[in-house]
**Q** 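If you scroll down you'll find the structure; I have some questions about it.
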There are 2 protein chains.
Amino acid sequence: MNINQIAKLAGVSPATVSRYLNNGYLSEEKRQAIAKVIDETGYIPSTQAQTLRTKKTKIIGVIIPKIDSDSISQVVAGIGEVLNEKGYKMLLANTDNHDEKEIEFINTFKQNIVDGIILLGTTLTPKHKKVLKDLTIPYVVLGQQTDISTCIFHDDYTAAYELTDYIINKGHKNIGYIGVTEKDIAVGVNRRKGFLDALEKHNIKLPAKLIKTGSFYMDNGYENAKALLSQNKNIDAILCATDTIALGAIKYLNENKIKIPGDIAVAGFGESKSSSILSPSLTTVHFYYRDCGIEGATFLLDKIAKPDIPDKAMKLGFEIIKNQSV
Amino acid sequence: MNINQIAKLAGVSPATVSRYLNNGYLSEEKRQAIAKVIDETGYIPSTQAQTLRTKKTKIIGVIIPKIDSDSISQVVAGIGEVLNEKGYKMLLANTDNHDEKEIEFINTFKQNIVDGIILLGTTLTPKHKKVLKDLTIPYVVLGQQTDISTCIFHDDYTAAYELTDYIINKGHKNIGYIGVTEKDIAVGVNRRKGFLDALEKHNIKLPAKLIKTGSFYMDNGYENAKALLSQNKNIDAILCATDTIALGAIKYLNENKIKIPGDIAVAGFGESKSSSILSPSLTTVHFYYRDCGIEGATFLLDKIAKPDIPDKAMKLGFEIIKNQSV
DNA sequence: TTGTATGCGTTATCAG
DNA sequence: CTGATAACGCATACAA
């Protein structure tokens, strides 16, 4: 079933049917005739052919580092909400934390199959930037600050600074830190810097063995909590770069009957769903993930509609969630 | 940049370039000439035009009820793994638990834009079945049993039966149940039936006010735990249809200083990430979510390649995770 | 082994 | 307001 057959059945030209489908610049009479035929036949226009002509797919590519993460799924939910509402679809690509795959996906996407790209960034290597700059379709970066395009990110530095300040004011001085790779500027660098600067403000010197780095997964927290405790007998708090990592640390502490926060205080970032259910509940930072997705998608669609609107960098706020673990 | 220009630059016909791109039925000489031009120009064939000709998009539509769920994101991760490997892309549609939206998405998808559909089912109404049956492209249903197509699902009934049996054998007799809508056969009906049958085996009669129903979200657990406790003074255990619901119940119990499992035992389904970190850790059921996604995607791609392979129904196993909350 | 010609289903242009 | 016609970029039957 195609537009020609519909035209024939309705006694009009294909062009008129096309008008009916789009602008709708035709007489009431023909409109009804066409409507009737389409209703009877259940005709659906070919998206491919439309795309071939219009160069618009109404599909947005979304690249994420992993799917089973509380924070990321919230961002994706926010994106999906906007896209849905505006009649766009979402092509989801999961890199499983392999950053070369991001480049691969961007290259796949630019093969005319998406109208725009949303990159939920972890690392932005020079190679990434090169590929992105060569992109002719609009894109936004979420979660990382960058000057190459519009980005919407969180105030990781201040969040870490204030959270650390809070922990210190609660009487903790020997604070261990479990972070992630510095290739991730937002989570790896900024959160750690906020932590260190807050310590400095309080004139606390940190021995190197109180700082650990690992993956984004729970076992990082588990293993490095173990390492921190065995290497630092005076340690009285652990700050983890993400809630997931904090969960791993808590698991280790629980298994070894170490009391939280009595023996060791623990805090994380991201306000994962379980943070409020744990006992003691986890002190953490609320970021506006859903809003991040909504803002990003909204801007991207705007940009697609009006390519000349200027790029922007948008920093979102945060909220310290003061729970029982500190 | 299109195939004609490449052909001109390489001094061959467009058809030859097309052959180079596909079967590759040409002389070494021309092959190299074309390769050189493509390399220099960075030419990428138009997916749309290819699709318009071949009717293949290499895109699979995946419809899910919500994204921010441990279990669903695992299934999606499994699907993504397979699709990636086979050069397919994933169009993700999130219904936010509105089942009419599923139908909407199926209708959108069948507009020639996907080669197949994976439906992560919650409810399969007659309307759903009608729309699915009309579908001309292959599809599979995950998480629900159905006879209209290939489905891969979990043994919810036996899991609930054995888990309940375990709870009873641990000395609990006044067990409350917090479930979900019966429109969801797998989670709403089968888990509850397994629960009730296990009680019956032990000759335990259950007053109606020990059974509650609500949403898939934490507040269902929270509110209904409150209701159960206020209405049943002898209650000594609560079985929840999902871990998320159990987390809500635990939150209520914690807030009211009710000891788990001393005063009330709690169990759930799905082995959410936090289940092992909670203290006490949550007794739950491990389902093979990732495998479900992998199996589903693999079968779907097989079906696309060979449309005449027969449909099948595949029931996956489970494992009771005996933790401290019971 | 290669090239020519045609059509996939739609939209845009332009004349009527 | 409407219709004929020409693209969009590619793959394939067929001829060479």
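Throughout, a chain's letter reflects where its sequence line sits, starting with A, and its residues are numbered from 1.
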**Q** Specify the residue among Ser27(B) and Lys55(B) whose closest nucleotide of DNA chain C lies further upstream toward the 5′ end.
**A**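 Its nearest nucleotide being more 5', the pick is Ser27(B).
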
**Q** Quick one: how far along DNA chain C does chain B reach, first to last nucleotide 5' to 3', anything under 4.0 Å to a heavy atom?
**A** dT1(C) to dG9(C)

**Q** Which of these passes side chain to side chain contact (heavy atoms under 4.5 Å, CB included) with Leu119(A): Leu124(A), Thr146(A), Val140(A)?
**A**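 One option only clears the test, and that one is Leu124(A).
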
**Q** Does anything in residues 128-143 of chain B form a side chain to side chain donor-acceptor pair (under 3.5 Å)? List the pairs, not counting sequence neighbours.
**A** Glu102(B)-His128(B), Thr125(B)-His128(B), Lys130(B)-Asp134(B)

**Q** When all nucleic acid strands are considered with a 4.0 Å heavy-atom cut-off, which category describes Leu52(B): base, sugar-phosphate, or nothing?
**A**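 Contact class for Leu52(B): base.
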
**Q** Can you sort out the partners of Arg31(A) under salt bridge (Lys or Arg N to Asp or Glu O under 4.0 Å), two or more places apart, ordered by chain and number?
**A** Glu28(A)

**Q** Write down the distance between CD1 (Ile34(A)) and C1' (dT2(D)), rounded to a whole number of angstrom.
**A** 10 Å

**Q** Check nucleotides 14-16 of chain D for protein N or O atoms closer than 3.5 Å to its own N or O atoms and list the pairs.
**A**
none

**Q** Quick one: CG on Leu142(A) to NE2 on His154(A), what's the gap to the nearest 0.5 Å?
**A**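 Separation between the atoms: 7.0 Å.
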
**Q** How sharply is the helix from dT1(C)-dA16(D) to dG16(C)-dC1(D) bent, taking the axes over five pairs at either end and rounding to 10 degrees?
**A**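 The end-segment axes of the helix from dT1(C)-dA16(D) to dG16(C)-dC1(D) are tilted 40° relative to each other.
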
**Q** Residues two or more places apart in sequence or in another chain: which of them pass side chain to side chain contact (heavy atoms under 4.5 Å, CB included) with Thr16(A)?
**A** Val12(A), Ser13(A), Arg19(A), Leu26(A), Ile34(A)

**Q** Can you tell me if Tyr43(B) touches the phosphate of dC10(D), counting only side-chain N or O atoms and a distance under 4.0 Å to OP1 or OP2?
**A**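 So the side-chain polar atoms of Tyr43(B) do come within 4.0 Å of the phosphate oxygens OP1 or OP2 of dC10(D), strictly under.
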
**Q** How long is the line joining CD1 of Ile3(A) and P of dA6(D), in whole Å?
**A** 17 Å

**Q** Applying side chain to side chain contact (heavy atoms under 4.5 Å, CB included), name anything that partners Gln145(A), two or more places apart in sequence or on another chain.
**A** Cys151(A), Phe153(A)

**Q** In chain order, what residues pass the ring pair (Phe, Tyr, Trp, His ring centres under 6.0 Å) check against Phe216(A), with sequence neighbours excluded?
**A**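 Not a single residue meets the ring pair (Phe, Tyr, Trp, His ring centres under 6.0 Å) criterion with Phe216(A).
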
**Q** Please name all residues satisfying side chain to side chain contact (heavy atoms under 4.5 Å, CB included) with Lys110(B), sequence neighbours left out, ordered by chain then number.
**A**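 For Lys110(B) the side chain to side chain contact (heavy atoms under 4.5 Å, CB included) partners, ignoring immediate neighbours, are Ile44(A), Asn107(B), Leu135(B).
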
**Q** Check the side chains of Tyr289(B) and Asp68(A) for a donor-acceptor pair under 3.5 angstrom, ignoring hydrogens and angles.
**A**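 No.
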
**Q** How many Å lie between OH on Tyr20(A) and P on dT2(D), as a whole number?
**A** 14 Å

**Q** Send over the distance from Gln48(B) CD to dC10(D) C1', rounded to a whole Å.
**A**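 Whole-Å distance recorded here is 11 Å.
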
**Q** Donor-acceptor pair, distance only, cut-off 3.5 Å: does the side chain of Lys58(B) make one with the backbone of Lys89(B)?
**A** no

**Q** Any heavy-atom pair between the side chains of Ile106(A) and Ile117(A) that's under 4.5 Å?
**A** yes

**Q** Suppose we screen for salt bridge (Lys or Arg N to Asp or Glu O under 4.0 Å). Which residues come up paired with Glu81(A), at least two apart in sequence or across chains?
**A** Arg290(A)

**Q** Tell me which residues in residues 11-18 of chain B lie within less than 4.0 Å of DNA chain C, going by non-hydrogen atoms.
**A** Val12(B), Ser13(B), Ala15(B), Thr16(B)

**Q** Rounded to whole Å, please give me the gap between CZ in Arg31(A) and C1' in dT2(D).
**A** 14 Å

**Q** Does some side-chain heavy atom of Asp184(B) sit less than 4.5 Å from a side-chain heavy atom of Gln144(B)?
**A** yes

**Q** Under 4.0 Å, heavy atoms only, any strand: does Asn22(B) hit a base, just the sugar-phosphate, or nothing?
**A** sugar-phosphate

**Q** How close or far is atom C1' of dC10(D) from atom CG of Asn4(B), stated in whole angstroms?
**A**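 In whole Å, dC10(D) C1' and Asn4(B) CG are 9 Å from each other.
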
**Q** How would you list, by chain and number, every residue that makes a side chain to side chain contact (heavy atoms under 4.5 Å, CB included) with Asn2(B), sequence neighbours excluded?
**A**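 By the side chain to side chain contact (heavy atoms under 4.5 Å, CB included) rule, Asn2(B) matches Asn4(B), Gln5(B).
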
